[in-house]
Each structure stands twice: as C-alpha cells, then as structure tokens.
Amino acid sequence: MEVSTVPSITLNDGNTIPQLGFGVFQIEPKDTAEAVEEALEISYRHIDTAEMYGNEKEVGEAIRASGLNRDEVFVTSKLSNAFHEPDDARKAFEATLSDLGFDCVDLFLIHWPLPTLYGGDFVSTWKTMEEFKADGQARSIGVSNFQIEHLERLASETETVPAVNQIEVHPYFTNEAVRSYGREHGIATEAWSPIAQGAVLDDPTITVIADRVGKTPAQVVLRWHIQRGDIVFPKSVTPSRMKENFELFDFELDSDDMDEISALDRGEDGRMGPHPDKFDMVPS
Ligand SMILES: NC(=O)c1ccc[n+]([C@@H]2O[C@H](COP(=O)([O-])OP(=O)(O)OC[C@H]3O[C@@H](n4cnc5c(N)ncnc54)[C@H](OP(=O)(O)O)[C@@H]3O)[C@@H](O)[C@H]2O)c1
C-alpha cells in the first residue's frame, strides 16, 4: 500500500509543520508510549502533547524507542495553566524539555490565555515564550485558545506574531472569525477536537458524503479540515482508527461537499470545550 504523503505548512517564522499529526490528550500516561509508537509506525511524524496532559515523558520515550531521529518527528507541547508567571514558565519549560528528554521542542504554546487570572497578563507570559524561541529551545512559539482580542494585545504589545493558534474547530463549531484573523495575520490555525470527539460522525450530512466518496465519516471530516488549510491531530488509542485517520490524501471533497459541511456550524451552541474568555482551571 502506498503511504499517504502528509503536506507541510510553512509557519510565519519559516519553520515547517506536518499538516496532520497525532494528539495525545486524555491518553493515560501508561498507554501513551504504546499509542505514540503505533502512530509513528503508521507514519505520523507530528505529536501534540502538553504539560497538563501528564504524558510528555512517555511521548519522549516512544520517539526514542521508534529509532527515528529526533528531527524526523515534530513535537509540540504547551505551558500549563499553573505557570503563567515568567519565572514559573521558565521552570516549567525546563521540566518539559527534561520530561521529553529533548534539547528543544518544535513548537511550544501558551495552552490557555486565562484572561481572568494573573491580572490578565498573558503578555508577560508571551514575552517569556519569546526568550525560549530566542535561545533556540523552542524552534517555534505559538498560542492556544486565544480569541481575537488576545491576539490583538500580543500584536500591539510584543514583537513576535504567534506561529500558530490552536483552537477548537469542527463542523459544529467552525470558529470562523478567529480563523480569519489568523489567516489575515499569518497565524496558522490548528484545529483541536477536529472530529468533535466523535460527536459529528453520525451527522447525516457527513454520512451521506462519506457513503458517496467511499470513505468513513472521520476521514471526510478530517479531509474537510485539510482542504480548509488547518493543521489537525486527531486522537485515538485504537490502531485501526489511527490508520483510518492517516489515510486522507487519496481523495478530495468538492466545493459543494465542503460548503455543506461548513454549513453544519452551530455558532457558540456548537462549542464543546470551555470558553477561552472564562476558562480558569489551574491544576493543583
Ligand atoms: N489546546 C487545547 O486546549 C486542546 C483541547 C482539546 C484537544 N486538543 C488537542 O487536539 C487533539 C484532538 O482532540 P480530542 O482528543 O479532543 O478529540 P478528537 O481527536 O476530535 O476525537 C477523539 C475521540 O474520537 C475517537 N475517534 C478517533 N478517531 C476515530 C474514528 N476514526 N472513528 C470514530 N471515532 C474516532 C477517539 O476514540 P478512541 O481513542 O477510543 O479510538 C476519541 O474518543 C488532542 O489529542 C490534543 O492534542 C487541544
């Protein structure tokens, strides 16, 4: 079988990222190394983890066990909500590198803006992230769950435009305004929960298209993201689904299919995760 070729997206700092990766949110640490090894075996070369997922160590172990060179796998991690103060962020980033067992990460993100915490000062946190980029320990830096007003503050108060904004996007919540802001300002959109944790897969619009093109509902939804130009990293601990989610590059959706899927958007009612303006969970 021919291996799918995953396109690369060039970020605003010149680095490239594979458009399709593998997410490890809600994979128990004890199951993570096996899942990531399986993903690498399937040919995923981009892993999305976070301090708050508690499985960075196992991601690093799996990459070492795969026998691949470090530079063959794009690895993202994210700053915990507990560590937005600059000194805490520096320590937390060191811990990320030490847990992964790497000299650098390919991409490091502020996980949530937390505008109701830390005096709303995610700008200082971002300036600390700029240090990580300057010293080469984070090849690219970005944000996650930032709304337009948060991105505008970074634009007016700091030097670096985030390389990516990782936000909730799926057919029930297309998050168009934040995506457009990114497009206009050179910020790549990474779509989290791309299949809405499975909630969109029984939608008749999706299943009818899937039957017609001879693909599964998950493949149709992931292909919709790819054709919109976003970066995706579906999560699965099921090897057959991991393979399915990787096989997205031997078919295309036409513009009617694309429009029909986009029309499933329910606006704010479709949001499944927390609202970034209010989210204030800090791990103890
Ligand atoms: N930055 C953030 O705040 C944030 C928030 C959420 C997620 N993320 C990132 O985005 C990644 C993906 O999001 P997510 O994990 O929330 O959700 P998702 O990828 O949309 O969905 C994962 C769920 O769908 C199931 N699934 C996967 N492939 C399937 C298929 N082909 N057919 C049917 N079911 C399938 C999985 O089940 P099994 O595992 O049982 O197979 C799992 O329950 C995360 O892992 C994480 O890296 C980031």
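What's counted below: heavy atoms across the whole structure, side chains too, no hydrogens, waters or symmetry copies. In each ligand, atom 1 is the first atom listed, and ligand 1 is the first ligand listed.
- Under a cut-off of 6.0 angstrom, the local environment of CG in Asp259 is crowded, with over 12 non-hydrogen atoms contributed by other residues, nucleotides or ligands.
- At a 4.0 Å heavy-atom cut-off, ligand 1 does not touch Glu168 at all.
- Protein heavy atom nearest atom 21 (O) of ligand 1, with residue, atom name and distance: Gln197 CA, 3.2 Å.
- When Ile27, Leu201, Asp48 are ranked by how near their heavy atoms come to atom 33 (C) of ligand 1, first place goes to Leu201.
- Following chains of ILVMFWY side-chain contacts shorter than 4.5 Å, one can reach Val6 starting from Val24, so the two form part of one hydrophobic cluster.
- Asn245 pairs in a side chain to side chain contact (heavy atoms under 4.5 Å, CB included) with only one of the listed residues (Leu20, Leu222, Thr216), which is Leu222.
- Using a cut-off of 4.0 Å between Lys/Arg side-chain N and Asp/Glu carboxylate O, Lys215 and Glu244 are scored as not salt-bridged.
- Residue-level proximity to ligand 1 for Ala50 is absent, since no heavy atom of it falls below 4.0 angstrom.
- Side chains of Thr189 and Ile231 form no contact here, defined as non-hydrogen atoms less than 4.5 Å apart.
- Neither the backbone nor the side chain of Leu109 has a heavy atom within less than 4.0 Å of ligand 1.
- Residue-level proximity to ligand 1 for Ala218 is carried by the side chain, the only part with a heavy atom below 4.0 angstrom.
- Between Ile167 atom CD1 and Ile187 atom CD1 the span is 10.0 Å, to the nearest 0.5 Å.
- Considering both main-chain and side-chain atoms, Pro234 never comes within under 3.5 Å of ligand 1 through any nitrogen or oxygen pair.
- When non-hydrogen atoms are compared, ligand 1 lies under 4.0 Å from the side chain of Ser144 (C-beta onward) but not from its backbone.
- Of the listed residues (Lys235, Met52, His170, Lys78), the one carrying the non-hydrogen atom nearest atom 43 (O) of ligand 1 is Lys235.
- Judged by distance alone, with hydrogens and angles left aside, the side-chain atoms of Gln19 form a donor-acceptor pair with the main-chain N or O of Asp230 at under 3.5 Å.
- Relative orientation of the His170 and Phe173 rings is tilted, given thresholds of 30° and 60° on the angle between their planes.
- Among all protein heavy atoms, the one lying closest to atom 40 (O) of ligand 1 is Arg241 NH1, 3.5 Å.
- Proximity of Glu244 to ligand 1, defined as any heavy-atom pair under 4.0 Å, is confined to the side chain (atoms from C-beta onward).
- Between His150 and Phe122, the ring center distance clears the sub-6.0 Å criterion.
- Residue contacts with ligand 1 for Thr216 are absent, since no atom lies close enough (heavy atoms, distance under 4.0 Å).
- Between atom 26 (N) of ligand 1 and the options Leu222, Asn245, Ile195, the minimum heavy-atom separation is to Ile195.
- One finds the CZ atom of Arg64 at 11.0 Å from the CD atom of Glu37 (value rounded to the nearest 0.5 Å).
- Of all the listed residues (Phe246, Trp192, Phe25), Trp192 holds the heavy atom that lies closest to atom 2 (C) of ligand 1.
- Only the side chain of Trp112 comes within 4.0 Å of ligand 1, judged by heavy-atom distances.
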